[in-house]
There are 2 protein chains.
Amino acid sequence: MLRVKLSRKCATMAEPKTIVNPLFLREDDLRQAIELLFFAYRDFTARGDAILARQHFGRAHHRILYFVGRYPGIPVGDLLDILNITKQSLSRVLSQLVREEYVLQKPGTRDRRQRLLYLTDKGKTLERELTSEQRMRFAAAYKDAGAVAVEGFRKVMLGIMDAKARKRFLSPFET
Amino acid sequence: MLRVKLSRKCATMAEPKTIVNPLFLREDDLRQAIELLFFAYRDFTARGDAILARQHFGRAHHRILYFVGRYPGIPVGDLLDILNITKQSLSRVLSQLVREEYVLQKPGTRDRRQRLLYLTDKGKTLERELTSEQRMRFAAAYKDAGAVAVEGFRKVMLGIMDAKARKRFLSPFET
DNA sequence: CGATTATGTCAGCAGTGTTGACATAAAACG
DNA sequence: CGTTTTATGTCAACACTGCTGACATAATCG
């Protein structure tokens, strides 16, 4: 579970971790964990970015499409909470999606200040195109890894995210 | 500063998945997987970004500091391979780090065209500050999740990344 | 020597996140 | 009812990061 490559080209590659030092190995595990997350996320998002670039969109557009598809009728404020960005950042991208008819806004019934968001058919189509590759990626990885591994992945990811986000996963119907 | 929770406000939250439909559940698992990765990565990088902002740096600076610290003496080309960005993108940030003496460049001995990269003490200090929070995050998550979960996390992440990156993890001494 | 490689640099564009300031409509409250 | 707060939007400016294209230098290779 050691080092990555570069061996041929990178001079200071040696440093074999052969000595059984629990503490040292732990450091190595943590370093590897960081890299696993980095490379997985990098590759996970790469193809979607390419698709988005075709229509002059970016990753932010995908995130909006995804979460609006996930929670049809979501108010803007809730979307801001999920994305953890400012309303100005969201607005720029969201208004573009509304203008180009990927997303539809309806005034709230209970609270007419709210603008509830929905995907149009056009939006659904693009969202599916973007997300399906990512779902296939996970489907393949889950299949290869097995059910036990999947549960482990889930546990570690929940441990990495902040408590607030973790709560959303663990208790779907709470404030 | 926090908004409210989705559940209360978002009308179309219901959709209980009570019906035992394997295919449907699978879709739900994949959707959850995507979100786990999204939220974990978002929160994983947030504090580092805040630290970097203090010195007018960004996430790209951290990545360079991290991988140069990881592979002292790494040539620029190898770093480009790891980061998967253009040399122009790298150059802007790297030359800044060199100028401000976080990173040191030495001409290669075998190939004098190469510029081998090393962290200065200043660079090591900043890198440690940035990465230590991330390591602690994983240390806590790993501890809570347990060894089996960690192995599962590792398997799933390897499955998500592209084959090229996976190889780097699995066969430490190859290109 | 000519071709390729490793690296760098200048310039411009796009996407995304930030802060600050200001505006409107509706809900909440006393 | 009138004041305050909330939900949302908008304009503007700035910073970081990625990309493409073009061009330059030095060293290695064949």
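Proteins come first, then strands; the chains are lettered A, B, ... in the order of their sequence lines, and each starts at number 1. What you see is a predicted model; the values in this text were computed from it and never measured.
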Exercise. Using only side-chain N and O atoms of A:Ser91, determine if any of them is under 4.0 Å from OP1 or OP2 of D:dT10.
Key: yes
Quiz item: Starting at CD1 of B:Ile64 and ending at P of C:dG8, how long is that distance when rounded to a whole Å?
Solution: 11 Å
Interface polar pairs with nucleotides 28-30 of chain C, N/O, under 3.5 angstrom:
none

Exercise. Would you mind reading off the distance between A:Leu80 atom CG and C:dT18 atom C1', rounded to a whole angstrom?
Key: 14 Å
Quiz item: Quick one: B:Gln105 CD to D:dT25 P, roughly how many Å, whole number?
Solution: 18 Å
Self-check item: Whole-Å distance separating the CG atom of B:Leu65 from the C1' atom of D:dT17
Solution: 15 Å
Quiz prompt | Presence of salt bridge, B:Arg137 and B:Glu133, under 4.0 angstrom | solution = yes
Self-check item: Electrostatic pair B:Glu35-B:Arg31, nearest N-O below 4.0 angstrom
Solution: yes
Quiz item: The side chain of B:Lys87 lies closest to which of these nucleotides: D:dA7, D:dT20, C:dT9?
Solution: C:dT9
Self-check item: A:Asp78 CG to D:dT6 C1', straight-line distance once rounded to whole Å
Solution: 13 Å
Quiz item: In whole angstroms, how far is the C1' atom of C:dG8 from the CZ atom of B:Arg115?
Solution: 7 Å
Exercise. Would you kindly check if the NZ (Lys) or CZ (Arg) of B:Lys106 is within the cone defined by 45 degrees around the ring axis of B:Tyr118 and under 6.0 Å from the six-membered ring centre?
Key: yes
Quiz item: Quick one: do A:Glu27 and B:Arg135 make a salt bridge, cutoff under 4.0 Å?
Solution: yes
Quiz prompt | Short side-chain N/O contact to C:dA25 OP1/OP2 from A:Arg112, under 4.0 Å | solution = no
Practice problem: Could you tell me if the ring centre of B:Phe38 sits under 6.0 Å from that of A:Phe44? | Solution: no
Provide a list of protein-nucleic acid N or O atom pairs under 3.5 angstrom, restricted to nucleotides 12-16 of chain C.
unit_1	atom_1	unit_2	atom_2	d
C:dG15	OP1	A:His56	O	2.8
C:dT16	OP1	A:Gly58	O	3.4
C:dT16	OP1	A:Arg59	N	2.8
C:dT16	OP1	A:Ala60	N	2.8
C:dT16	OP2	A:His61	ND1	3.4

Quiz item: Taking five pairs at each end, how big is the angle between the two axes of the helix from C:dC1-D:dG30 to C:dG30-D:dC1, to 10°?
Solution: 30°
Quiz item: Over how many whole Å does the gap from A:Leu90 atom CG to D:dC11 atom P extend?
Solution: 15 Å
Quiz item: Whole Å only: how far is the CG atom of B:Asp49 from the C1' atom of D:dT17?
Solution: 12 Å
Quiz item: Would a hydrophobic clustering, with Ile, Leu, Val, Met, Phe, Trp and Tyr connected at side-chain separations under 4.5 Å, put B:Ile51 with A:Ile34?
Solution: yes
Exercise. Could you tell me whether the side chain of A:Gln88 has a donor or acceptor atom within less than 3.5 Å of a complementary atom in the base of C:dG20?
Key: yes
Exercise. Quick one: do B:His61 and B:Gln55 satisfy side-chain contact (heavy atoms from CB on, under 4.5 Å)? Show the steps, please.
Key: CA-CA 10 Å; B:His61 297 83; B:Gln55 24 239 300; over 6 Å; no
Practice problem: Establish, from distance only, whether the side-chain atoms of B:Gln134 and B:Arg47 form a donor-acceptor pair under 3.5 Å. | Solution: no
Quiz item: Linking I/L/V/M/F/W/Y whenever their side-chain heavy atoms sit closer than 4.5 Å, directly or via other members, would B:Leu170 and B:Tyr71 fall into one cluster?
Solution: yes
